[in-house]
Protein chains: 2
Amino acid sequence: MVAPPPTSATILGGVQLQRPTTAQRVAELLRERIVQGELSSGTQCAELQLSTALGVSRNTLREAFQILVGEHLLVHEPHRGVFVRRLDVDDVRDIYTFRRLVECAALAHPASARGLAEMRAAVAQGMDAAAREAWHEVGTADVRFHVGVTAVAGSERLDQAMRGLFAELRLAFALVPDAHELHRPFLDLNAEILELAERGQADRASLLLRRYLDDAEARIVAAVQGPSS
Amino acid sequence: MVAPPPTSATILGGVQLQRPTTAQRVAELLRERIVQGELSSGTQCAELQLSTALGVSRNTLREAFQILVGEHLLVHEPHRGVFVRRLDVDDVRDIYTFRRLVECAALAHPASARGLAEMRAAVAQGMDAAAREAWHEVGTADVRFHVGVTAVAGSERLDQAMRGLFAELRLAFALVPDAHELHRPFLDLNAEILELAERGQADRASLLLRRYLDDAEARIVAAVQGPSS
DNA sequence: ACCGTAGGACTTGTTCAACAATCCCACAAG
DNA sequence: CTTGTGGGATTGTTGAACAAGTCCTACGGT
């Protein structure tokens, strides 16, 4: 087995510098608006209105829609339009079933040190943000922590799937009143999980994580079915 | 836990009857061509050529492209075109890292009987197909078996992610000479895994499955780096 | 009051033609 | 052998147009 000749990609560390296409930029902008809750669940995205507002053609906008539909952030109802996805209780349960399986398994069989480093960085960021009472950033750090947990498994595709899941979850976060209250109690728990994981106590870390997930799921389920129950 | 009220979706079994849009049908057609290997890895999909061949406009075709790019079956290089994705060794390893984590964890903590039923049906189909020497169908049954394993976890999103992963994997299957030889030895193993799972011997089933995955990964990695080594 | 229904306004689905931006290749110059 | 430099082909993006479908409303029958 001979060493492969160094390509420009390996030299440059695999970074790809390609200006995003208009559709990608539009998708990115809409994605941001959606996960930030500025476009709330169920909102219709009218083509003519949005395309003129963004200064792009309908065709380009429709390409952007396809991207976001593929990410489950928008739903497409033929001849009716595209809408910001609305999560129901089953969706939240489904997402947490996914997270429980993947995150707990990742912690139980650690394979990548990069994931641990991410977890460490996320805990630090969360502590710091809490000290400054920057609650929104605390939430960001919490998400980062769990993406880090997933990264412990060492699969790029798994990481990406998890990032997609979190984007979906934010649709539900928006329904939780006092979103900072959602993440605040988990700061210490994350730190504890990290410490166990670093000491090689994989099983205890995994168990603690499961408790976290059960708790978070219950909170969000309650928020989603909210006043209706 | 009370039973949820039956919605129209549950009554109708969740089937949604909406004629697919043209872009969706084009995407489906191309997806089929790709996973069947009729469009081999690296092939460029020229817009003008394809759109005239399919009798659709370039704009519609580009919407279809966005769908398939989102499924990682096509890659888009701005101003150069879209190409059928080419999997390298790292991709295969990444996919199998994903599968190991998810499938083994699913078997270890069974949560859905529907998954077991799928596994059973897949084993039966595989045996039957092998008896008829229908090797292609044996491969289909093998894939079905492992989607069934994933379904044991009980998350719709996880199932979908796994189906997407298998679509990608077929890009690599096409590189394996004698694809039926790839699946043939696993018929009995699948049956054995199923039996262990049904008897509640989750750990042993999970262990056996891990051996399967390691073996399959090695074969495909060898095929992908193939003649170059 | 309660359907059905027939319009009509509006939105989405799809195509087409055009132009701008970019890539690719062949060829010439150093 | 490397480095410009066209020019041709492909992709990126737009605007207009029409077909197809949905939603709303008013009308008529019962």
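What you are looking at is a predicted structure, and each value in this text was computed from that prediction instead of being measured. Below, chain A is the first sequence line, B the second, and so on; all start at residue 1.
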Neighbour count >12 (heavy atoms, 6.0 Å) for atom CZ, A/R114: no
Determine, for A/R157 against B/D91, whether the closest basic-nitrogen to carboxylate-oxygen distance falls under 4.0 angstrom. yes
Check: B/H183 and B/F173 side chains under 4.5 Å, non-hydrogen atoms: yes
Quick one: list whatever passes side chain to side chain contact (heavy atoms under 4.5 Å, CB included) with A/D215, sequence neighbours left out. A/F186, A/R219
Counting primed atoms, P, OP1 and OP2 as sugar-phosphate and everything else as base, the B/S/- map of nucleotides 9-21 of chain D against protein heavy atoms under 4.0 Å is --BBBBB-B---S
If you define the side chain from C-beta out and look only at heavy atoms, does anything of B/Y96 sit under 4.5 Å from B/L101? no
